[in-house]
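Chain naming here is simple, since letters A, B, ... match the order of the sequence lines and numbering starts at 1 in each.
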Number of protein chains: 4
Amino acid sequence: MPSSTGPATEPPADHRKGPRRRGEELEGAILLATLDELTEVGYAALTMERVAARARTGKAAVYRRWSSRAQLVVDACRLGKISEVGLPDTGELRADVLALLRQMSAKMDSPLGDIMRGLLGEMTRDPELAELIRERVHTVGPSTILIILERAVERGEVEPWVLTSRRASVATDLLRNQFLMFGAPVADEVLTEIVDDVYLPLVLSPAPKPPDKAD
Amino acid sequence: MPSSTGPATEPPADHRKGPRRRGEELEGAILLATLDELTEVGYAALTMERVAARARTGKAAVYRRWSSRAQLVVDACRLGKISEVGLPDTGELRADVLALLRQMSAKMDSPLGDIMRGLLGEMTRDPELAELIRERVHTVGPSTILIILERAVERGEVEPWVLTSRRASVATDLLRNQFLMFGAPVADEVLTEIVDDVYLPLVLSPAPKPPDKAD
Amino acid sequence: MPSSTGPATEPPADHRKGPRRRGEELEGAILLATLDELTEVGYAALTMERVAARARTGKAAVYRRWSSRAQLVVDACRLGKISEVGLPDTGELRADVLALLRQMSAKMDSPLGDIMRGLLGEMTRDPELAELIRERVHTVGPSTILIILERAVERGEVEPWVLTSRRASVATDLLRNQFLMFGAPVADEVLTEIVDDVYLPLVLSPAPKPPDKAD
Amino acid sequence: MPSSTGPATEPPADHRKGPRRRGEELEGAILLATLDELTEVGYAALTMERVAARARTGKAAVYRRWSSRAQLVVDACRLGKISEVGLPDTGELRADVLALLRQMSAKMDSPLGDIMRGLLGEMTRDPELAELIRERVHTVGPSTILIILERAVERGEVEPWVLTSRRASVATDLLRNQFLMFGAPVADEVLTEIVDDVYLPLVLSPAPKPPDKAD
DNA sequence: CTCTAAACGAGACGGTACGTCCAGTCTTCGG
DNA sequence: CCGAAGACTGGACGTACCGTCTCGTTTAGAG
């Protein structure tokens, strides 16, 4: 409900009369329009043309700021805080991780799921964009789970070396994979399996010893 | 180079003269054209129009068989055995898994990587298609790793319960996630990390005990 | 309503089972389908494809018998007696002619009007077809008005030379022109004008003398 | 030969470089392309696609201005003055009329004949278009013959009431009918028959008296 | 407080591809 | 072996967007 929150601040119906929007005001209007389009028709059907029309501006004003659909959408998500997740803090590692996975799973079942799929497909074309997308996606999980782990370390639940290990992000990585392969919603049973059968055993076990053979 | 292997069997340049292709012959020609397009321009730039032109037929003949780009590409991959991986058999679990991951990683660095990304993005739109894609993708890893595990079980390296555990496919799942998030090629160091730091500890450890609390 | 009169004689729904229709039976089915299409969608939108589908057969079966849409429609009209007009016989020339024009005008306001327009447009392409169409169109007027005139000659209303004069068909020619230029329905006032202001003065006046100058 | 007259003014071969054509310039280019197509392949084979390609523009630019083939062709004819006829002025009614009919007959034997046939078939579908066509066709005859008649009235050859009578346009109406029914070229003998046997007797005779019975 | 340069809105432009429909031709296979 | 049924090649349909561009207008900010 991006734009429905502030109808009073909407621009007048016809901008040929009245003051013309510029700079940040216009940028905001375009991003809002993008969010509306994303929720209504989804990422795949979002076009620059429709976004411009919805924002009551011209395509040039959009292209001047974002050279591709993907970049526009990434920015719109940032504005909409669409991919924000709360930081669980139950005092126990297992509950924290499970809460995080559930939040992520809920996001994936919203329009954000479509968006994530779509953006992943465009990462090949533009390395810069790829970096942007990774940052976005990472805040939905990896960076959060690190904080969760740090607290567990402070509580003594988890040993410090885990924080820099590949094991740290296995839970969110597996959830992401599950979503991409099987779609949303992800069954809660799957989440508990990931936590209890895979993740907790990994982060609670002692440090692995390096393999005998390098290769 | 799908079609370049057999120029002698290629259809004549102009089908207005000469016998008209039908049924399987035509179907094969279309799929070959699809493979050629995939390798030349990639999945994102593949269009029904170009495929039809390249196969020297009309769009209708293509749409009669495949109602969408994605379905066509899935079938073409099947024909081209693009996603086939060999079954490693070194007599040792670690080497087998590492060999599999390396094969998968190589595939992901070929046009198949693009295709995989693109198809994942279209899974939302069509559940039937989603199932097809899952089957395709699963043969590139999950089904193979199960065989590898079974052999390890026979050798006594791994306990049988692992075969039905979520742990079984963690290696390929993490690799897939790594590719989707960070692109190809996947550093060999990452593969060994996945194997030594995550996968082997998981499948070689004793069975997890169920959590104390259900939720 | 060509086909609605005899649903009992309709072919079974699926001809892949059951005996195939051949020869006259199939021919009749195609012509019926053509009439149905003509009344439903009109001449302009009639296609060989739809006719074949409606007759539950293939296009080749249609093309084997009629090499063009126009020829098919001409035959269908013949079957449907669409262009038939009654022969007025009131005992008076003016009333006969007026009755004929009114009949023709009514026909022109039915689907036949569309058909006539359409066929006239295709006469250029095929001289054989042109001849067919002329015959069809001529029975709706010229040939009938000659009979009317013959009776008037017998009654002594009209002099015999008129029968072989260009004047004989002026009434129907003008009506046809009026329809083609201004569409149907043709106002009754126009019909009486044609009769009283043009046609009767022409056929009731004495024979014209040849012009003084040849050119 | 619409476009062949001015190769020097032709647009550059590739409009992707250089300034884009807009407005009237582009409109003119499209109409020229239409005229060229009309003379080369005729009305029936004229397609929006070929016109756009020939004018080196996109289909959208054509559709934006003309929503149908017929409207485009009508405008192109207007530009090409294809249906223009000279105004004969010999000082004698018979010679004037004959000259007009011969001009019209010549036009009908040119591509304009095809065009006229084709457009007549499309009048049913679109009343607005029908009006446009009528205007076009009317300038090729009816409006001209009225001027001829006016002059004859001034010379005393013809009585004034003829100008507002249906008789005035009988010559051109019959010629048009002759063309549509029997095609072009119309034999010169037919033209003289229309003039000497039908038209002159009609316009030179005294005013008709209204019929005794209204119906 | 002008005057200029940039940004804006609107939408036309030259293209590409869409998915559908149809024209005619050719192949297959049933009767 | 004929012919019915239907798949084939080819191409036009009218629409939607792409990313660029032009046009006139509005606005900010420099002088």
Side-chain angles (χ1 to χ4, degrees), chain A residues 11 14-23 25-26 45-50 52-53 55-65 67-69, chain B residues 14-23 25-26 45-53 55-65 67-69, chain C residues 14-23 26 45-53 55-65 67-69, chain D residues 14-23 25-27 45-53 55-65 67-69:
Chain A
D14 192 340
H15 286 279
R16 282 169 298 193
K17 326 279 184 178
R20 213 176 254 184
R21 298 160 301 170
R22 301 172 68 89
E25 184 187 358
L26 179 55
L46 180 141
T47 67
M48 301 299 254
E49 198 125 15
R50 289 172 61 93
R56 299 179 183 287
T57 183
K59 282 190 289 182
V62 181
Y63 278 106
R64 200 174 295 131
R65 293 169 169 75
S67 60
S68 74
R69 185 174 67 140
Chain B
D14 193 342
H15 287 280
R16 285 169 295 191
K17 323 281 183 176
R20 216 176 254 184
R21 297 162 300 170
R22 299 170 65 88
E25 184 187 358
L26 179 56
L46 180 141
T47 69
M48 301 298 255
E49 199 125 16
R50 289 172 60 94
V51 167
R56 300 181 182 283
T57 183
K59 281 190 288 182
V62 180
Y63 278 107
R64 198 174 294 127
R65 292 161 218 280
S67 59
S68 75
R69 187 174 67 139
Chain C
D14 193 341
H15 285 279
R16 284 169 299 190
K17 323 281 184 178
R20 278 189 192 170
R21 297 161 300 171
R22 308 182 141 242
L26 181 54
L46 180 141
T47 67
M48 301 299 254
E49 193 125 14
R50 290 171 61 92
V51 167
R56 300 178 183 287
T57 183
K59 282 190 288 185
V62 181
Y63 277 106
R64 196 173 298 122
R65 295 170 169 76
S67 59
S68 75
R69 183 174 70 139
Chain D
D14 194 340
H15 287 279
R16 283 169 297 192
K17 323 280 185 177
R20 279 186 193 169
R21 298 161 300 170
R22 299 173 65 90
E25 184 187 356
L26 178 56
E27 188 164 323
L46 180 141
T47 67
M48 302 298 254
E49 198 125 14
R50 289 173 60 92
V51 167
R56 299 178 183 286
T57 184
K59 281 190 289 183
V62 181
Y63 279 107
R64 202 174 292 130
R65 295 170 167 73
S67 59
S68 75
R69 186 174 66 138

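Following rounding to the nearest Å, D/E25 (CD) and F/dT22 (P) show an atom-to-atom distance of 12 Å. Computed from coordinates, the A/L26 CG to E/dG9 P distance equals 5 Å when rounded to whole Å.
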Counting primed atoms, P, OP1 and OP2 as sugar-phosphate and everything else as base, the B/S/- map of nucleotides 14-20 of chain F against protein heavy atoms under 4.0 Å is BB-BBBB
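Between the CE atom of D/M48 and the CZ atom of D/R69 there is a distance of 9.5 Å, given to the nearest 0.5 Å.
With sequence neighbours left out, the side chain to side chain contact (heavy atoms under 4.5 Å, CB included) criterion links B/R64 to B/A60, B/A61. Partners of A/S67 under the side chain to side chain contact (heavy atoms under 4.5 Å, CB included) rule, at least two apart in sequence or in another chain, are A/Q71. In this structure D/R65 satisfies the salt bridge (charged side-chain N to carboxylate O under 4.0 Å, His left out) test together with D/E27, sequence neighbours excluded.
Each of D/R65 and C/R64 lies near DNA chain E, and the nucleotide nearest D/R65 is the one positioned closer to the 5' end.
Within the structure, a side-chain polar atom (N or O) of C/T57 is placed less than 4.0 Å from OP1 or OP2 of F/dA5. Residue D/R56 has no polar side-chain atom (N or O) positioned under 4.0 Å from OP1 or OP2 of E/dG14.
Closest of all the heavy-atom pairs between C/A45 and C/R50 is O-CD, 4.1 Å.
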N/O contacts under 3.5 Å, protein versus nucleotides 3-5 of chain E?
none

